[in-house]
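Here is the structure we will look at, set down as structure tokens.
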Amino acid sequence: MQKKFISATRDFTTIENHIPAPYLRRSFTLDQKPTEAKISICGLGFYILYINGERVSKGHIAPYVSNPDHICYYDTFDVADKLTAGENVIGVILGNGFLNCPGGYIWDFDDANFRTAPMLALELSAKTENGEVTVCADGEFLTHPSPIIFDDVRLGESYDARLEIDGWSMAGFDTTGWTPAILAPTPRGEMRECTAEPITVYKELKPVSIIREGDAFVYDFGLNSAGVSRLHIKGERGQLVTLWHGETLRDGKFYNDNIRFYNPGSDYYDDYNQTIRFTCSGGDDVYEPHFHYSGFRYIKVEGITEEQATADLLTFRVMSSELKTIGGFKCSDERLNTLFKMVKNADRSNFFYFPTDCPHREKNGWMGDASLSSDHTSLIFDTEKSYREWLNNIRCAQRLDGALPGIVPTAGWGFAWGNGPTWDSALFNLPYMLYKYRGCTDVIRENAHAMVRYLEYIMTRRSADGTVAIGLGDWVPVNKNAHDYDAPLALTDSIMVMDMAKKACEMFNAVGMTHSAEFADGIYRDMRETVRREMLDPDTLIVKGNCQSSQSIALYYGVFDAEEEAAAFAHLVRQIHEKDDAFDSGFIGLHCIFDVLARFGEYDLAYKMITRDSFPSYTLLIDEGHTALPEQFLDNTHAPNSLNHHFLGDISRWFMTRLAGLNVIDAKTVEICPCPVYGIDFAQAYYDLPKGRASVRWSRDENGKVEVDYTVPTGVTVRCWNSSS
């Protein structure tokens, strides 16, 4: 595809000065209906494509979100059935996307080198019996402002239906007043066709309640998720309807301060917080945002009458990347079934091309969030295409010295703060999960050089004692400031480096890269020795920090020798009992602790901790009305952070692999290892391996005897593990 871009203008939207999203149209003539026709389009930041008035799209907010200095994504469509003999019209609307997002100022996107007005590259090729017609992005495209007078992927969208232009993308339209497009600066990134799944609607929700709040009305959709609100209204011409999207109520009233943008230098941001402003045409209007999506459960509607405040006014169109579900769980405890659904909802809410940290305020591809969630997410969804595409962007973001940023895509932010080995481990964990669960080896070769570069880099960041202590650690511990973790940073960082090297060695050996495998194995052994020397009391076997996180992380990642594990585990159980059998960890510790408890036979204790009837507890989240997972376990004395994060969702892996007992060792090996906890009568799980579905179910009869049934596809090895041993 040609790397030739056009724009409607060189002016771009700021928070103080709104530039409407442009219409672009180009007409051309065919002497007969084509036998073949394809169009490739790269609309930066986002595009909506029309052929002869018919929308052509893979889904919401296209193309793939990226740093255009690295990669410019395009999509290709077969449009032969949409073209005809005579005049044909290509129509495009361009949104700001990540190319120009004033809502991203916190992460320096407002100062990005690539920031500019939206731009378009396009190629259409149509074959007829008489030859071939080609149309490219050029000065023959005409432009005009659209009714989208403001759009920002984070802040919201404003639309004036009075400015709609009927027939603008169809043949026979009068283009008087339209102006020619101009040549745009060429982005530095490579042109690449997107292979990741599109973002699509997977269900629609109607409000479960409507509550009056002063002159406004608060709509509750019963689910905190992600997508867009569709507005259907017959209003007075010029009537302004404002939709504020939020996650929660406080004292029974709409509340969105927990996801609000604050900028001490500008008051404008007070008016933008996932905010949709719609001006009615005076007719029967149906509208949904074009270049924005929100994370929400509640919508506060201002500017409507009581007669207009009906259930048909708003529909929640729930969206995510079009991921196929390949794993599931169910048991006799409905609380756990609900928690599994909450994890799945949080995963989908935060999967828009790549894993994001939250679907409302940030929408960033935080590496640590994705890394620690990759295990459980890969058990529930087929992530191969999306992970591999995001890894392309991660490699592009890697600095020449091997360092990685905390977020991808980035405009350069995230190297000085927000990264470190736990976050950087996404470069290793994503390929490893695809290798482990799907048997994918190409992804290892694609990322091998980047992994080696990173290991070389991180060895230069060691302290005098050989440990690594940079970036972020056991983030968001229970009821504390996010960075006040008990597990020392030098412990978690050093163990993460150890784990990355160990996984790299396994992956490199799998593809015959023996020299690189030896290099990685040397780092693994060196770092493990360092952790044991600097972080482990050889007499007591207590890990520095003397906390649940430190002890469980060290047990999970193999710091202890086999003969030491029983004594080390006893310390973990003591630490848990000292907290009244409550977990007291950050997100790394919560990734490890329940699996460790089950591995050493204390699965009843793990179940008790998950289902406590007092804080902190996972099942208490259900009682509090949560439908996704929060960013952190905070009691009622603390203001809420985000209520839709995914990185505390590793309990779903515990449900499937430990409680139900379907432990996928690799793409060709399954371990059957049920943990029949007291209080549960049955548990079952399935996972669709590349060779077919594997499933397990255990049940307890009236005499307490447990029976286990399982199925695996032909060609898959089965191992059985006695959970009571």
What residues, two or more places apart in sequence or in another chain, satisfy ring-ring contact (aromatic ring centres under 6.0 Å, His included) together with Phe351? none
Tell me, please, which residues at least two apart from Asp333 pass side chain to side chain donor-acceptor pair (under 3.5 Å). Arg335, Tyr607
I'd like to know whether NZ of Lys58 has more than 12 heavy-atom contacts from other residues, nucleotides or ligands below 6.0 angstrom. yes
His360: which residues meet the side chain to side chain donor-acceptor pair (under 3.5 Å) condition with it, sequence neighbours left out? Glu247, Ser642
Cut-off 3.5 Å, no hydrogens considered: what does the side-chain donor-acceptor table look like for residues 709-716, sequence neighbours left out?
residue	atom	partner	partner atom	Å
Thr711	OG1	Ser695	OG	2.7

For Tyr432, which residues count as a ring-ring contact (aromatic ring centres under 6.0 Å, His included) partner, sequence neighbours excluded? none
Applying ring-ring contact (aromatic ring centres under 6.0 Å, His included) to Phe98 and not counting sequence neighbours gives Phe109
Please say whether more than 12 non-hydrogen atoms of neighbouring residues, nucleotides or ligands are located less than 6.0 Å from NE2 in His449. no
What salt bridge (charged side-chain N to carboxylate O under 4.0 Å, His left out) pairs are there with at least one residue in residues 196-205, not counting sequence neighbours? Glu204-Arg230, Glu204-Arg317
Pairs meeting criterion salt bridge (charged side-chain N to carboxylate O under 4.0 Å, His left out) with involvement of residues 339-358, two or more places apart: none
Can you pull the salt bridge (charged side-chain N to carboxylate O under 4.0 Å, His left out) pairs that have at least one residue in residues 373-383, sequence neighbours excluded? Asp375-Arg653
Identify the two heavy atoms, one from Pro359 and one from Lys363, that lie closest to each other, and give their separation to 0.1 Å. O-NZ, 3.2 Å
Under the ring-ring contact (aromatic ring centres under 6.0 Å, His included) test, residues paired with Phe329 that sit two or more places apart: Phe340, Phe655
Using the side chain to side chain donor-acceptor pair (under 3.5 Å) criterion, which residues pair with Ser373? Sequence neighbours excluded. His646
Please name all residues satisfying side chain to side chain donor-acceptor pair (under 3.5 Å) with Ser549, sequence neighbours left out, ordered by chain then number. Asp474, Ser585
